[in-house]
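Heads up: the structure comes next, in structure tokens.
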Amino acid sequence: MLLQKANGLSHPHFLNTADLTQEEIQALIALALDLKQGKVQKSLAGKTLATLFFNPSVRTRVSFATAMFKLGGQALEISSNNVWSFEYEDDVVMDGSTIEHVKEVAPVLSRYCDGLAIRCSELVTRSAESASTGSWAESKRDIVLNSFAKYAGVPVINMESNVYHPCQGLGDAVTIKEQLGETKGKKYVHSWAYHPKALPMATTNSQLLGACDLGMDVVLAHPQGWELDPEILALAQKRAIESGGSFSISYDQHEAVEDADIVCTKSWGALPYYGNWEAEKQARAQLKDWIIDEEKMARTRHGKFMHCLPVRRNVEVTQGVLDGTSSIVIDEAENRMWAQMALLATYLGD
Ligand code: CP
């Protein structure tokens, strides 16, 4: 790792919220809300953030560009279709399709830019035809993100990898704090939802960890077989205890949402079926009742509904819930920008 420290933070890069202490996370949340309310101003004048997108994006792309603009700096977008194809493995003979090694790319970009932000995630991780690895163990290496972090001389921000989407986790934590004020003792439910595709679990992992940092009673609800990676579950348990909250798992969506203050839903693929879409397709076809609807929201304690977006209407959540007064999905998307402004000011600021 070329970069040892970023402004005194406990980790030089923002790859996973759990790399930071809970005090550091609380400070980022407070700064995001202060920035949103106009209580403080931060400047990144003259600074450049390179945003490297290897996948499509609406919110992340626009919120990072706007965050840098509002801070007086600039975001320079790099897409996989307008740069050379990069190599990440060590000790390879590069006589194939890759043209440039990350060992040169990352330090070169670090000479031009003050931070690098990377989005590189398997889009449909368990579909053999669309996954490039077909193995969770291989995907979990997050080789693109971790290689940039290894060879960059400036902070690297994870804009969603195979394992984590920490900007979503932080943005959601800002939104929950904004909505509830005191979060300790409040109930947060993160529920799996039916979806016609097997989506990555990075967003869920980070949303879960974000809630566990808030001292909430966190319930993860999903069908049996859709368990998250054991390392994530252990981390969620640890962070929940450290924050004075709790963490439990439910296999019953109706039961889980009872008295919830926040209901957040997201679909993800089942690890046992990783790379075996045909088997997962049949199993998940039986789970179409895993949808957040008006009846489930009525069981909550006037709970708010969250989703990271993009969302499939009347598949993951009914349009009645999504268009109703309990839905805070637009605030949630907006707060990505304020959270990232806090992040950028903290990591890239003088
Ligand atoms: N929630 C989120 O990351 O949205 P995008 O994929 O559109 O950036």
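Quantities reported herein were computed from a predicted structural model and do not represent experimental measurements. If you read the sequence from its start, that first residue is 1, and numbering goes on from there. Counting starts at 1 for both ligands and their atoms, in listed order. These values consider heavy atoms only, across backbone and side chains, with no hydrogens, waters or symmetry-generated copies.
In this structure, CG on Leu235 lies 10.5 Å from CZ on Phe247, to the nearest 0.5 angstrom.
Within 4.0 Å of ligand 1, protein heavy atoms belong to Ser57, Val58, Arg59, Thr60, Arg119, His165, Gln168, Cys308, Leu309, Arg336, listed by chain and number.
No side-chain heavy atom of Val105 sits less than 4.5 Å from a side-chain heavy atom of Tyr151.
Comment: Lys36 engages Glu178 in a salt bridge, judged by a side-chain N to carboxylate O separation of less than 4.0 angstrom. Here Asp350 pairs with Lys47 in a salt bridge; the nearest charged N to carboxylate O distance falls below 4.0 Å.
Other residues, nucleotides and ligands place no more than 12 heavy atoms under 6.0 Å from the CZ atom of Phe69.
Because its NZ or CZ atom is not both nearer than 6.0 Å to the ring centre of Phe54 and within 45° of the ring axis, Arg119 does not count as a cation-pi partner of that residue.
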